[in-house]
Structure formats: C-alpha cells, structure tokens
Undergrad: 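Got a structure for you, questions after.
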Amino acid sequence: MAKNVLQGKKGIIFGALDQNSIAWKAAERIYDEGGVFTLSNAPVAMRMGKINELGEKCKAVVIPADATSVEDLENLFTKSMETLGGKLDFILHSIGMSPNVRKGKDYGDLNYDWYLKTLDISGVSFHKVMQVAEKKDAMNEWGSILALTYIAAQRTFPDYADMAQAKAVLESVARSYGYRFARLKKVRVNTISQSPTMTTAGSGVPGFDVFFDYSDKMSPLGNASAADCANYIVAMFSDYTRMVTMQNLFHDGGFSNSGITEELVQKLSK
Ligand code: NAI
C-alpha cells in the first residue's frame, strides 16, 4: 500500500512504548511511506518498553525526553535536527498518562498534585513541544503537527477522570498554537480523536473491555484500530492535507455522530 507520500519528510515521533502503541504503528507506516524521524519517550518508559527495537526497524535514532521538561525537549529538538540533517516537517505527540487513573482514584477523591501532573503530561506538554519547536525555528513551511485525543474532552466518560480535562487542554492548545503556527510558518496543528484502542494507556482505564465493546457497537464502522489511525496520521502528514488546521478530527468509525445503533439496541434488549 506504500506510495512514498512522505518521501523526504523529517520528523519526531513521541510515545511509542510497545507494539500496541498508536505511535509504534504510526512510526512503521511513516517509515514505509519514506518519512525519516527520531523517536522519543520518557526515560522511565524507555527502560520498560521496546522502543530500541522500533528504532532498529525504522532506522531511527532514539532520544529520551520527558515531555514535561523544556530542557529535555530543547535537547531533543537540537539533536533531532542534527541527526536528520535539517528542519522538521512533522511531529506526532502520542502521549498520555494520569497518575489518578493509574492508581484508581475516584473523581471525587482526586490527588491534586497528580491532577496537575496529568494536565502537564497529557495537555500542557503539547504546548511545550510547540513552543520549543518555534523558539528553535525547527519547523519547515507547510509542516504538520498532530496530537492524539479522546472524545471524553467533549462528553462525560466517568472512568476517564482527570484525563478528560487534560484532553480538553490539549485540543484547545491545538487551536491556539494552530493559529500562531499558521501565521508564522504555514504549519498546521490538529488533534485526532481516536476510538478506544487496546494499548497500555487505553487499558489503564477501569472497565476498558466493556467500554471498548460498547464503543465498537455504537460506531457504524466499528472502532478504528491503531493501524487505521496510523494510516490517518500518514494522510495528515502528507501534502494532501495542507489546508487542514486547528481541527479536532474524529477518527472513530462514526461514534461521535451516532445517537444509538441497531447493534446496541439488540444487545441491550437481550
Ligand atoms: P501508550 O501507553 O502506548 O502510549 C502512551 C505514551 O505516553 C507511552 O509511550 C508513555 O511512555 C508516554 N508518556 C507518558 N508520560 C510521558 C512523559 N512524561 N513524557 C513523554 N512521554 C510520556 O498508549 P496509546 O493508546 O498509544 O496512547 C497514545 C495517545 O493516544 C495518548 O495521548 C492517548 O491518550 C491517546 N488515545 C488513546 C486511546 C486508547 O484507547 N488507547 C483513545 C484515544 C486517544
């Protein structure tokens, strides 16, 4: 299926932890399409995950960075431009983590230090990435920057807890920085709102299996997989989407516009 639509494009991919990660699948597809990139993840995740395997497969240098640390990000951008031999055409922010969700905290009993961590890791880090990119003049004209989000930013999904606010921040940052980067460099900034996906971050949400099944039945096309998402990411990094910016793009098999589906009615009436 590869058509080399990313030939000659350079970038940074954040968030590949293991083979299930959306960023992992995206890296494989971007590589197939001729894109070159560096891979980054938090130092602690690099020890747990298998990112070096992916690096070998995609001929990508792996550079650790905690996405909440401006210093780490500055180092990452400098080294990425050195390694890739020039400025960047794409950035994928595929990062999310809530200590409150991970530790099973109820929404009425949140730890506020952790709440701020959730917002920083999963929302504000997107601003940090773009501010560092701007200050280092790291983007080429007509570049494309993406982050992954979830519909809990717009609608309530109780077990998503404080991640809902983090995703609202993330989507808002995409609009505000999207405006700025368009004026500065004709760079586009968007979020992709993805279906529930079986990954480490996804399955960390309590009751994820039931939730995954409900979402699948509520989506006329079914849940979008990580592989489908990787294809969409390729499209968004290609020159075929140059005028799409400041959008929250639903990649969810139709979930976001469905009221009820026959499949769900059948299941519930049993
Ligand atoms: P994943 O667990 O494979 O990826 C999350 C990544 O965030 C990991 O690689 C982790 O190491 C990284 N990360 C955490 N803290 C970090 C930090 N301080 N600095 C740098 N990296 C850090 O899971 P997945 O599902 O691939 O998640 C990717 C993105 O997709 C996240 O933004 C997630 O919220 C979003 N998403 C996931 C859905 C799902 O159901 N899995 C649905 C919709 C959106």
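Computed from heavy atoms alone, side chains included, the values below leave out hydrogens, waters and symmetry copies. First listed ligand is number 1; within each ligand, the first listed atom is number 1.
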Undergrad: Among side-chain atoms of N75 and T78, is any donor-acceptor pair under 3.5 angstrom?
TA: no
Undergrad: Just go through A65, S94, A42 and tell me whose heavy atom is the nearest to atom 29 (C) of ligand 1.
TA: S94
Undergrad: Report the C-alpha distance between D137 and K185 in whole Å, list the side-chain angles of each, state the deciding distance to 0.1 Å, and finish with yes or no for salt bridge (Lys or Arg N to Asp or Glu O under 4.0 Å).
TA: CA-CA 9 Å; D137 192 18; K185 274 267 163 144; 3.0 Å; yes
Undergrad: Give the residue and atom name of whichever protein heavy atom lies nearest to atom 19 (N) of ligand 1, and the separation in Å to one decimal.
TA: A67 N, 2.9 Å
Undergrad: Show which atoms of ligand 1 fall inside a sub-4.0 Å distance from at least one heavy-atom site of A45.
TA: 11 (O)
Undergrad: Test of understanding: given a 4.0 Å heavy-atom threshold, classify the contact between L17 and ligand 1 as side chain, backbone, both, or neither.
TA: both
Undergrad: Counting only heavy atoms from other residues, nucleotides and ligands, does the tally under 6.0 Å from CD of E262 exceed 12?
TA: no
Undergrad: Which option wins on minimum heavy-atom distance to atom 4 (O) of ligand 1: A147, G15, P43?
TA: G15
Undergrad: Give me the residue, atom name and distance of the protein heavy atom closest to atom 3 (O) of ligand 1.
TA: S21 OG, 2.6 Å
Undergrad: Go through ligand 1 atom by atom and flag the ones less than 4.0 Å from a non-hydrogen atom of P196.
TA: 40 (O)
Undergrad: I'd like to check W114 versus K103 (side-chain heavy atoms, cut-off strictly below 4.5 Å). Are they in contact?
TA: yes
Undergrad: Quick check, are the ring centers of Y150 and F157 under 6.0 angstrom apart?
TA: yes
Undergrad: Taking both backbone and side-chain atoms of F208, is any N or O found less than 3.5 Å from an N or O belonging to ligand 1?
TA: no
Undergrad: Any link between M246 and L92 through a network of hydrophobic side chains (Ile, Leu, Val, Met, Phe, Trp, Tyr) touching at under 4.5 Å?
TA: no
Undergrad: Give the atom numbers and elements of ligand 1 that come within less than 4.0 Å of a heavy atom of D66.
TA: 17 (C), 18 (N), 19 (N)
Undergrad: Is there a nitrogen or oxygen of N41 sitting under 3.5 Å from a nitrogen or oxygen of ligand 1?
TA: yes
Undergrad: For ligand 1, which atoms have a heavy atom of G202 less than 4.0 angstrom away?
TA: 39 (C), 40 (O), 41 (N)
Undergrad: Contact between F208 and P196 at the side-chain level, heavy atoms closer than 4.5 Å - yes or no?
TA: yes
Undergrad: Hey, any chance I121 and F126 share a hydrophobic cluster, counting ILVMFWY side chains that come within less than 4.5 Å of each other, even indirectly?
TA: yes
Undergrad: Does atom CG of N257 have more than 12 heavy-atom neighbours from other groups under 6.0 Å away?
TA: no
Undergrad: Just wondering, are more than 12 heavy atoms of other shown residues or ligands nearer than 6.0 Å to NZ in K186?
TA: no
Undergrad: Regarding ligand 1, does N20 bring an N or O atom to under 3.5 Å of one of the ligand's N or O atoms?
TA: no
Undergrad: So which of L148, T200, I22 gets nearest to atom 37 (C) of ligand 1, if we judge by its closest heavy atom?
TA: I22
Undergrad: Only counting residues at least two apart or in another chain, list the ones meeting side-chain hydrogen bond (donor to acceptor under 3.5 Å, both in side chains) with Y115.
TA: Q165
Undergrad: Please identify which atoms of ligand 1 are closer than 4.0 Å to at least one heavy atom of Q194.
TA: 42 (C), 43 (C)
Undergrad: Heavy-atom distance to atom 36 (N) of ligand 1: which of T149, T197, T68, I51 wins?
TA: T149
Undergrad: With nothing but distance in play, are any N or O atoms of I121 less than 3.5 Å from an N or O of ligand 1?
TA: no
Undergrad: Below the 3.5 angstrom mark, is there an N/O of M163, backbone or side chain, next to an N/O of ligand 1?
TA: no
Undergrad: Note the single closest protein heavy atom to atom 2 (O) of ligand 1, along with its residue, its atom name and the distance in Å.
TA: A201 N, 2.9 Å
Undergrad: Side chain, backbone, both or neither: which part of S195 comes within less than 4.0 Å of ligand 1 when only heavy atoms are counted?
TA: backbone
Undergrad: Numbering the atoms of ligand 1 from 1, which are under 4.0 Å from a heavy atom of G96?
TA: 7 (O), 31 (C), 32 (O)
Undergrad: Not counting sequence neighbours, which residues clear side-chain hydrogen bond (donor to acceptor under 3.5 Å, both in side chains) with D239? List them please.
TA: K9
Undergrad: Report yes if the side chains of T118 and P99 come closer than 4.5 Å at any heavy-atom pair, otherwise no.
TA: yes
Undergrad: Among I95, L73, T199, which one has a heavy atom closest to atom 22 (C) of ligand 1?
TA: I95
Undergrad: Considering both backbone and side-chain atoms of K167, is one of its nitrogen or oxygen atoms within less than 3.5 Å of a nitrogen or oxygen in ligand 1?
TA: yes
